Amino acid sequence: MTFTTLDNVDDADVHVAVRAGAAFGDHANLLPIMPVEFEEAQRELPIVFRRGADGGIRGYVLLGLDRGENLFLTGADADERWATRFVPAIQRRGPFALARGEEGEPVVQIDRDDPRVGAADGVPLFRDHGGDAPYLEHVRAALHLLAEGAQSERAIHADLEAAGLLRGVTLRIDLGDAGGYELTDLLTIDQAALAGLSGATLERLHGNGLLRAATMAAASLGNMERLIELKTLKESA
């Protein structure tokens, strides 16, 4: 990888392809998302949590049952695409990253070695007469979401745990003749604890927006049925 700062003069003619695939990190059964993404994610994907080696908790969307499996991709090879309207910001950012400029301001960098950069089927980054093209606007939004989320996600998830809303689970999935799965080391929103919130804790979580985030994460588990359906279809193909 060779990241350098994007320049609207030197890079005026640079095009970048919008692609998905194993080479770009899309082949994962778990992808991290930020709490601000919960509302969009919960409409299509199950949201779970995991505790890292450092004890910190992160939120994820569950995309498959096997390692390296994303059941929400369609097509093959260079034609792979997400079949969902929601795509995690960590993947929406494409071959870009946010860094600090010489004066400490955030600047967008581009990975010059990424095969999407300069591809024949790429889209422009800048408008003909200056300014960001729609794709780069989209990328900037994803990058800023990730940067802002990284500063707050640890505290948010710790707050959910302190309120008793996260519980360890083992997800057992029966696929009939195709076998079964046990997904371990996961945390989910405890719906009974969520329904039982009261007093100062309820007021605090409502006031800081975490009650809504927890409700969205809990509702997302209804998407497990769709994930199982996709896995069953894959196994029977």
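Position 1 is the first residue of the sequence; numbering continues from there. Since this is a predicted model, take the numbers as computed values, not measurements.
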In residues 187-201, what donor-acceptor pairs under 3.5 Å come from side-chain atoms, sequence neighbours left out?
residue: Asp190; atom: OD1; partner: Ala192; partner atom: N; Å: 3.1
residue: Asp190; atom: OD1; partner: Ala193; partner atom: N; Å: 3.1

One thing to verify: whether Arg140 and Asp132 come together as a salt bridge, which I'm taking to mean a side-chain N less than 4.0 angstrom from a carboxylate O.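 Here Asp132 pairs with Arg140 in a salt bridge, since their nearest N and O are under 4.0 Å apart.
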
Quick test of your reading of the model: are Arg167 and Glu161 salt-bridged, counting only N-O distances below 4.0 Å?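 Looking at Glu161 together with Arg167, the answer is no, because their closest N to O distance does not fall below 4.0 Å.
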
| message | Tell me every residue that passes side chain to side chain contact (heavy atoms under 4.5 Å, CB included) with Glu44, counting only those two or more places apart in sequence or in another chain. | response |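 Scan of Glu44 (side chain to side chain contact (heavy atoms under 4.5 Å, CB included), adjacent residues dropped) gives Thr84, Arg85, Phe86.
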
Report the residues that fulfil side chain to side chain contact (heavy atoms under 4.5 Å, CB included) with Thr170, sequence neighbours left out, ordered by chain and then residue number.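 So Thr170 forms a side chain to side chain contact (heavy atoms under 4.5 Å, CB included) with Arg172, Glu182, Thr184.
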
In the structure I gave you, are the side-chain heavy atoms of [X] and [Y] within less than 4.5 Å of one another anywhere?
{"X": "Asp54", "Y": "Arg154", "answer": "yes"}
{"X": "Ile47", "Y": "Met216", "answer": "no"}
{"X": "Phe72", "Y": "Leu227", "answer": "yes"}
{"X": "Pro88", "Y": "Val61", "answer": "yes"}
{"X": "Leu210", "Y": "Leu160", "answer": "yes"}
{"X": "Leu73", "Y": "Asn70", "answer": "yes"}
{"X": "Arg112", "Y": "Asp11", "answer": "yes"}
{"X": "Tyr60", "Y": "Ile33", "answer": "no"}

* Considering residues at least two apart in sequence or located in another chain, which fulfil the ring-ring contact (aromatic ring centres under 6.0 Å, His included) criterion with His27? ->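 Result, ring-ring contact (aromatic ring centres under 6.0 Å, His included) vs His27: none returned.
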
**Request:** Flag yes if more than 12 heavy atoms outside Glu203 fall under 6.0 Å of its CD atom; otherwise flag no.
**Result:**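 Result for CD/Glu203: open.
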
Heavy-atom pair of closest approach, residues [X] and [Y]:
{"X": "Gln91", "Y": "Phe24", "value": "NE2-O, 2.9 Å"}
{"X": "Gly75", "Y": "Glu80", "value": "O-CG, 3.7 Å"}
{"X": "Ala217", "Y": "Ser220", "value": "O-OG, 2.7 Å"}
{"X": "Leu65", "Y": "Glu69", "value": "N-OE1, 2.7 Å"}
{"X": "Ala89", "Y": "Glu37", "value": "N-OE1, 2.9 Å"}
{"X": "Gly25", "Y": "Ala28", "value": "O-CB, 4.2 Å"}

Keeping to residues at least two apart or across chains, list the salt bridge (charged side-chain N to carboxylate O under 4.0 Å, His left out) pairs with something in [range].
{"range": "residues 56-66", "result": "Arg58-Glu153, Asp66-Lys231"}
{"range": "residues 206-223", "result": "Glu39-Arg212"}
{"range": "residues 218-228", "result": "Arg226-Glu229"}
{"range": "residues 13-32", "result": "Arg19-Asp121"}

Holding to salt bridge (Lys or Arg N to Asp or Glu O under 4.0 Å), I want the full list of residues that pass it with Arg50, two or more places apart in sequence or in another chain.
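With sequence neighbours excluded, Arg50 shows a salt bridge (Lys or Arg N to Asp or Glu O under 4.0 Å) to no residue whatsoever.
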
About how many Å separate [atom2] of [Y] and [atom1] of [X], when rounded to the nearest 0.5 Å?
{"X": "Leu62", "Y": "Asn223", "atom1": "CG", "atom2": "CG", "result": "10.0 Å"}
{"X": "Asp114", "Y": "Met1", "atom1": "CG", "atom2": "CE", "result": "9.5 Å"}
{"X": "Met224", "Y": "Ile228", "atom1": "CE", "atom2": "CD1", "result": "4.5 Å"}
{"X": "Leu165", "Y": "Thr215", "atom1": "CG", "atom2": "OG1", "result": "9.0 Å"}
{"X": "Leu230", "Y": "Leu71", "atom1": "CG", "atom2": "CG", "result": "5.5 Å"}
{"X": "Leu171", "Y": "Asp185", "atom1": "CG", "atom2": "CG", "result": "11.0 Å"}

CA sep, side-chain torsions, deciding dist, call: Met34, Leu146, side-chain contact (heavy atoms from CB on, under 4.5 Å): CA-CA 7 Å; Met34 298 298 171; Leu146 290 169; 4.1 Å; yes

ask   = For Asp111, what residues pass the side-chain hydrogen bond (donor to acceptor under 3.5 Å, both in side chains) criterion, not counting sequence neighbours?
value =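 Asp111: no side-chain hydrogen bond (donor to acceptor under 3.5 Å, both in side chains) contacts found.
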
Checking one residue: Leu98. Which other hydrophobic residues are in its cluster under the side-chain 4.5 Å linking rule?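 For the cluster that includes Leu98, the remaining residues are Leu6, Val14, Val16, Val18, Phe96, Val108, Ile110, Val117, Val123, Leu125, Phe126, Tyr135, Leu136, Val139, Leu143.
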
Q.
Please list all pairs meeting ring-ring contact (aromatic ring centres under 6.0 Å, His included) that have one or both residues in residues 138-158, counting only residues at least two apart or in different chains.
A.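 Listed by first then second residue: Phe49-His157.
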
